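Here is the structure we will look at.
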Amino acid sequence: MKSLIKDIIINAADFAFKNGLLPSDFKPDMDIEAPRHANHGDFSTNFAMVSASVQKMAPRKIAEVIVSAIDVKKIDILEKIEIAGPGFINFFLAPTAWYPFIKMIHDDGENFGRSDIGSNKKVQVEFVSANPTGPLHIGHGRGAAVGDAVGNILAFSGFDVQKEYYINDSGRQIRTLGLSVWLRLSQLLGNQIDFPDDCYQGDYIIDIAKEINSKMGDLIAQKSEAEAVDICAKYAADKILQEIKDDLVGFGVEFDRWFSEQSLYDSGKVQDAINTFQDKGVIYQKDGALWFSTESFGDEKDRVVVRNNGLTTYFASDIAYHKDKFDRGFDRVIDVWGADHHGYINRINAAIEASGRKKEQFSVILVQLVNLLRGGQPVAMSTRSGEFVTLKEIVDEVGKDAARFIFLSRSYESGLDFDLEVAKQQTAENPVYYVQYVHARISGIVAKASEAGIISDQAKLSLAAKSQNSLELLKEAEELNLIKLLASFPEVVQKSAAALHPHFIFTYLTSLASAFHGYYNHYKVITEDEDLTISRLCLVSSVKQVIKNGLTLLGVSAPERM
RNA sequence: GCGCCUGUAGCUCAGCUGGAUAGAGCAACGGACUUCUAAUCCGUAGGUCGCACGUUCGAGUCGUGCCAGGCGCGCCA
């Protein structure tokens with residue numbers, strides 16, 4: 001639609017130039033947008049203002065010339081054109097311009113909104129990637145919802161998307177996990193122990209120790225401490241990782257690949273990356289350690305990759321991991337991190353540039369922290385003491401759909417208050433029901449129409465939409481407004497993909513839901529007039545489809561009944 | 001001290017690459033169910049967009065400097 005408007009403007013400008021009404025045939029980089037206020041038309045352009053300096057004419061004068069060069073009567077999608085404000089040219093479209101979208105939605109179905117702006121480029125979205133040392137909490141939940149939705153939106157926009165989880169199954173935290181479990185096991189067997197502060201404090205460690213004791217207590221007893229700790233570490237990490245996987249499935253998140261940090265060491269890729277960077281001269285030796293000169297790539301200071309005790313830092317495997325991502329053929333790599341990790345962006349950027357990739361190929365989505373509340377009061381959360389509400393508990397209490405929708409309701413650049421009581425409420429305060437209710441309501445209407453024999457099934461409805469015979473009966477302002485909103489969905493998806501902002505979809509869905517609920521309360525879909533009934537059924541079933549498409553991108557279900 | 005994020009209605013937040021009269025929900029007040037689901041709708045009220053300069057036809061949006069809050073600045077992960 002916008003490109004049609006643009007063609008009209010360009011043609012008018014050409015015409016005006018050829019007839020000597022404009023001194024220059026220069027075409028500025030104009031905007032064509034849907035104005036905020038309906039009385040500013042369906043589309044508006046700033047052509048006249050941005051041309052003013054080149055044309056050396058007043059903006060309103062230019063606008064007059066352009067408008068005079070457009071024959072509204074000859075263009076059937078146009079109703080009228082107005083000049084307003086400092087020189088905006090406002091286009092008012094005829095209702096007939098909008099009806100084809102109903103047909104398009106019925107034709108495209110679940111693919112309405114899909115685009116190919118991604119040109120099938122390979123994109124990897126890595127998210128959650130929590131250490132397998134404890135259960136997922138609410139912060140991981142927000143990251144999971146964001147990463148999953150971003151992946152869905154990019155895939156819907158024509159990118160070839162892979163969702164990946166990076167398992168930190170190597171290094172100190174895993175040894176600490178093993179030690180924590182082993183100490184608890186030892187405690188179970190009646191030994192006096194000193195449980196260190198830097199060990200994992202949660203009760204789940206004791207549960208795992210109990211499980212190991214009953215399953216293989218005898219075996220462990222025969223091992224040396226070092227071996228026993230190793231066994232505990234392996235057992236606990238496997239067990240916790242499995243629970244993480246289960247919890248994510250329960251949250252509706254499925255990964256295409258689970259990537260092990262340890263595998264980078266086993267395959268020699270960490271050492272390869274270090275060697276490569278040494279050859280390039282970006283890794284050097286100092287004070288018995290190996291340093292990566294990240295400062296020359298814009299970081300605050302250089303960073304250690306191999307400590308003077310010979311052990312690599314986590315940064316060494318991160319370098320290898322990100323190098324490997326691109327070696328696997330991804331054009332673009334997106335990491336979803338908690339905001340508390342923002343200090344690492346520069347050094348990963350350095351690693352990416354040193355690997356010969358462009359900075360633009362890598363983006364980090366920083367997800368701000370979540371405050372968990374219950375009835376307005378903060379819920380005490382401390383990983384250190386092991387006292388925290390897990391993601392599973394939240395999903396069990398409020399449901400997957402409510403949790404995901406709330407996580408995606410705000411920009412991830414803002415902190416989020418997540419109130420368990422609000423998330424459980426089935427009121428307008430809880431936006432998920434507000435939107436899902438649209439889908440359920442329309443399902444009810446279509447079912448009733450079907451029972452009444454007005455329209456027997458979805459297929460016939462699609463047929464009616466395609467014929468467009470009676471769609472012109474949809475002439476109420478609310479109906480045209482709904483169609484315009486539906487027509488804008490593809491653009492919303494594309495903007496969401498370009499900005500990597502899933503909450504655009506949320507905002508869109510709530511405004512579409514609001515428009516529908518208002519319409520529903522004013523007009524009956526099923527009336528005595530069969531033609532009108534059929535055209536309204538076409539309209540509301542389009543709304544239903546778009547609501548479902550949007551919810552699907554966010555990983556939220558669209559129920560037939562509530 | 002340095003870096004990142006945030007600051008918009010009483011509260012929680014939208015505001016897309018700079019556009020016209022800054023929006024929504026909640027809370028408050030007044031209305032609408034013998035009706036396709038009231039998990040809904042309609043109406044009223046609510047603002048120096050943290051502050052100050054600057055960029056330009058035009059700034060909530062961009063730049064600089066302050067102020068306030070959150071987070072981060074390890075040969076930890």
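This structure is a prediction, so every number in the text was calculated from the model and none was measured. A, B, ... follow the sequence lines: proteins, then strands. Residue 1 opens every chain.
- Ring orientation note: the planes of A/F292 and A/F315 are close to parallel, at an angle under 30° on the 30°/60° scale.
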Walk me through it: do A/D31 and A/F47 pass the test side-chain contact (heavy atoms from CB on, under 4.5 Å)?
CA-CA 7 Å; A/D31 285 334; A/F47 179 92; over 6 Å; no
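- Within 4.0 Å of A/N90, counting heavy atoms only, lies at least one base atom of the nucleic acid.
- A/N346 comes within contact range of no nucleotide atom at all, as no heavy-atom separation falls under 4.0 Å.
- Base engagement by A/A440 is indicated by at least one non-hydrogen atom pair under 4.0 Å involving a base atom.
- No engagement by A/Q436 is indicated, since no non-hydrogen atom pair under 4.0 Å with the nucleic acid exists.
- Below the 3.5 angstrom threshold, one finds a donor paired with an acceptor across the side chain of A/K495 and the base of B/rC16.
- Taking the six-membered ring where tryptophan is involved, the planes of A/H322 and A/F362 are perpendicular, since the angle between them exceeds 60° and thus also 30°.
- Between B/rU17 and B/rC57, the two P atoms lie 22 Å apart (nearest whole Å).
- Between A/I526 and A/W291, it is A/I526 whose nearest contact on RNA chain B lies nearer the 5' terminus.
- Note on A/G171: nothing from the nucleic acid sits closer than 4.0 angstrom, heavy atoms only.
- Nucleic acid contact for A/H501: none, since no nucleic acid atom lies under 4.0 Å from a heavy atom of the residue.
- Ring planes of A/F506 and A/F405: tilted class, angle from 30 to 60°.
- Across all strands shown, A/A52 has no heavy atoms under 4.0 Å from either base or sugar-phosphate atoms.
- When the C1' atom is compared between B/rG15 and B/rA28, the two are found 25 Å apart, to the nearest whole Å.
- Residue contacts for A/S44: at a heavy-atom cut-off of 4.0 Å it reaches a base atom on one of the strands shown.
- Counting only Watson-Crick or G-U wobble pairs whose defining distances are both under 3.5 Å, the stems of 3 or more consecutive pairs in RNA chain B are B:1-7 with B:67-73, B:10-13 with B:23-26, B:28-32 with B:40-44, B:50-54 with B:62-66.
- The residue A/F504 sits close only to the backbone: its heavy atoms come under 4.0 Å of sugar-phosphate atoms, none of a base.
- Using atom C1' as the reference point in both B/rU61 and B/rA45, the two lie 28 Å apart (nearest Å).
- Here the separation of B/rC49 from B/rG60, taken at their C1' atoms, is 5 Å to the nearest Å.
- A/N46 comes within contact range of at least one nucleobase, with a heavy-atom separation under 4.0 Å.
- A/D302 comes within 4.0 angstrom of nothing in the nucleic acid, heavy atoms only.
- Ring geometry, A/Y520 versus A/F516: the interplanar angle falls from 30° to 60°, so the pair is classed tilted.
- Distance check on atom C1': B/rA38 versus B/rG31 gives 14 Å, rounded to whole Å.
- Using a 4.0 Å heavy-atom cutoff across all strands shown, A/D340 reaches sugar-phosphate atoms only and no base atom.
- Using a 4.0 Å heavy-atom cutoff across all strands shown, A/F315 reaches no nucleic acid atom at all.
- Of the C1' atoms belonging to B/rC67 and B/rC11, the separation is 23 Å, rounded to the nearest Å.
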